[in-house]
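Here is the structure we will look at, set down as structure tokens.
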Amino acid sequence: MKLAAVLGEPPVPEGSWEREAVYVSAAALRRRVPADVLAERLRALPGVADVEVRRDGFLRIIVAVPGELLESMEPVEIPEPAWPDFPRTWDNPGFVVRYGHVRACFVRRWARELGVPEAGFRPELLDDPRDRRVLRVLAELPGRAVSRDPGWETYLVRLALAYHDAHEHAPAVPRGDEPVTAVHTARVRLAQAVGGVLMGPERL
């Protein structure tokens with residue numbers, strides 16, 4: 001799903017994505033292209049559920065499966081903020097981000113030990129509200145990467161906090177006697193994406 005290729009710029013995610021994954025774009029206004037024309041091009045893309053032309057000329061784009069964004073994520077160079085290593089408490093944003101990276105790395109190692117397959121990623125299974133919250137924050141990456149004021153420090157903390165919540169309440173590995181399922185594979189893929197954005201050691 002190449003929204004940016006059609007729009008000429010990354011769209012901006014809107015709302016919580018808990019029920020509906022929405023982007024908005026002012027590309028028609030900036031490029032002076034008829035909004036209806038851009039809307040038709042977007043509707044032809046696989047994965048686009050609907051496109052609405054708003055009164056203000058913005059396009060409101062609904063994607064059917066937000067997890068599909070993991071299949072098109074590209075590495076983004078984010079400068080590491082000069083956060084102190086201590087204290088290692090939730091009051092220290094550096095700890096919040098580094099511990100998020102540690103958890104994401106740990107999930108991938110633990111998943112291999114428990115036999116969670118890497119193949120067979122099904123993005124539609126990332127439908128728990130907590131998974132969708134992480135996806136919503138990840139969806140901001142392309143736009144922030146081209147922004148003059150990306151606000152990386154705040155962004156990294158938001159992503160880490162969303163991932164901590166998902167890690168604890170929508171686990172990527174089976175618990176107890178729970179069998180391995182495709183949702184675990186999907187969540188391991190999500191952890192991999194998060195770990196590629198957050199920075200820090202593999203262990204604290």
Side-chain angles (χ1 to χ4, degrees), residues 1 13 16-18 21 47 63-81 83-142 144-145 152-153 155-204:
M1 187 168 44
S16 69
W17 281 28
E18 185 172 337
V63 298
V65 182
E68 287 181 349
L69 73 84
L70 298 183
E71 298 178 313
S72 58
M73 279 186 63
E74 297 181 4
V76 174
E77 295 247 353
I78 301 176
E80 184 169 2
W83 284 316
D85 191 20
F86 293 95
R88 290 183 174 177
T89 68
W90 295 105
D91 294 325
N92 178 1
F95 171 76
V96 172
V97 171
R98 294 183 189 114
Y99 188 37
H101 182 264
V102 166
R103 279 182 147 178
C105 294
F106 176 73
V107 157
R108 289 153 63 192
R109 291 195 303 272
W110 199 8
R112 284 194 294 269
E113 292 176 10
L114 294 176
V116 178
E118 292 186 9
F121 172 55
R122 293 174 53 192
E124 72 275 10
L125 296 180
L126 293 173
D127 204 36
D128 184 280
R130 296 170 183 89
D131 295 327
R132 292 174 72 103
R133 199 171 299 130
V134 176
L135 291 167
R136 164 63 177 79
V137 184
L138 286 173
E140 296 177 22
L141 263 178
R144 287 182 180 273
W152 287 127
E153 292 191 18
Y155 174 79
L156 291 168
V157 173
R158 286 178 49 235
L159 177 60
L161 288 172
Y163 182 67
H164 284 305
D165 189 41
H167 179 84
E168 292 172 11
H169 301 289
V173 293
R175 292 177 171 173
D177 295 330
E178 182 184 5
V180 172
T181 67
V183 74
H184 296 119
T185 295
R187 287 175 176 164
V188 170
R189 181 72 169 269
L190 183 63
Q192 184 177 1
V194 170
V197 178
L198 300 181
M199 60 278 294
E202 292 200 3
R203 291 181 174 85
L204 279 179

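Computed from a predicted model, the values in this text were never measured in an experiment.
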Side chains of V97 and M199: does their closest heavy-atom pair fall under 4.5 Å? yes
Calculate, to the nearest 0.5 Å, the distance between atoms CZ and OG belonging to R133 and S16 respectively. 7.5 Å
To the nearest 0.5 Å, tell me how far L159 CG sits from I78 CD1. 8.5 Å
How long is the gap from CG on D131 to CZ on R136, to the nearest 0.5 Å? 15.5 Å
Minimum side-chain heavy-atom gap P81-W152 below 4.5 Å: no
Do the side chains of D165 and V134 get nearer than 4.5 Å, heavy atoms only? no
Go through the steps to decide whether E118 and R189 satisfy the test salt bridge (charged side-chain N to carboxylate O under 4.0 Å, His left out), and finish with yes or no. CA-CA 8 Å; E118 292 186 9; R189 181 72 169 269; over 6 Å; no
Applying side-chain hydrogen bond (donor to acceptor under 3.5 Å, both in side chains) to N92 and not counting sequence neighbours gives none
Can you confirm whether or not the ring centre of H164 sits under 6.0 Å from the ring centre of W90? yes
Here the pair of heavy atoms bringing P171 nearest to R187 is O-NH1, 3.1 Å
Indicate the atoms forming the closest heavy-atom contact of M73 with A193, along with that distance. SD-CB, 3.9 Å
Could you pull out the closest heavy-atom pair between A191 and A104, with the gap in Å? O-CB, 3.4 Å
How close do P129 and E18 get, heavy atom to heavy atom, and via which atoms? CB-CG, 3.9 Å
Determine the sole option in V183, T181, V180 for which the side chain to side chain contact (heavy atoms under 4.5 Å, CB included) test with V116 is passed. V180
pair H167-R130: side-chain heavy atoms closer than 4.5 Å: no
How long is the span from the NE2 atom in H101 to the CD atom in E202, to the nearest 0.5 Å? 6.5 Å
Identify the two heavy atoms, one from V197 and one from L156, that lie closest to each other, and give their separation to 0.1 Å. O-CD2, 4.0 Å
Heavy atoms, side chains only, cut-off 4.5 Å: are H184 and P174 in contact? yes
Do R88's NZ or CZ and the ring of F95 fall within the cation-pi criteria of under 6.0 Å and 45°? no
Can you tell me if CZ on F121 sees more than 12 non-hydrogen neighbours from other groups inside 6.0 Å? yes
List the steps and the verdict of salt bridge (charged side-chain N to carboxylate O under 4.0 Å, His left out) for E140 and R158. CA-CA 11 Å; E140 296 177 22; R158 286 178 49 235; 2.6 Å; yes
Are the side chains of R122 and T185 in touch, meaning some heavy atoms are under 4.5 Å apart? no
Between the side chains of R103 and E168, is the shortest nitrogen-to-carboxylate-oxygen separation below 4.0 Å, so that they form an ion pair? yes
Roughly how far apart are R98 CZ and W83 CH2, rounded to 0.5 Å? 7.5 Å
Are R132 and P66 close enough that some pair of their side-chain heavy atoms sits under 4.5 Å apart? yes
Find out whether Y163 and L138 are in side-chain contact, i.e. whether some heavy atom of one side chain is under 4.5 Å from a heavy atom of the other. no
Taking V96 as the fixed residue, which of T89, L161, L198 is the one that meets the side chain to side chain contact (heavy atoms under 4.5 Å, CB included) rule? L161
Between the CG atom in L141 and the CG atom in L69, the distance rounded to the nearest 0.5 Å is 9.0 Å
Please report the closest heavy-atom contact between A139 and W17, naming both atoms and the distance. CB-CH2, 3.5 Å
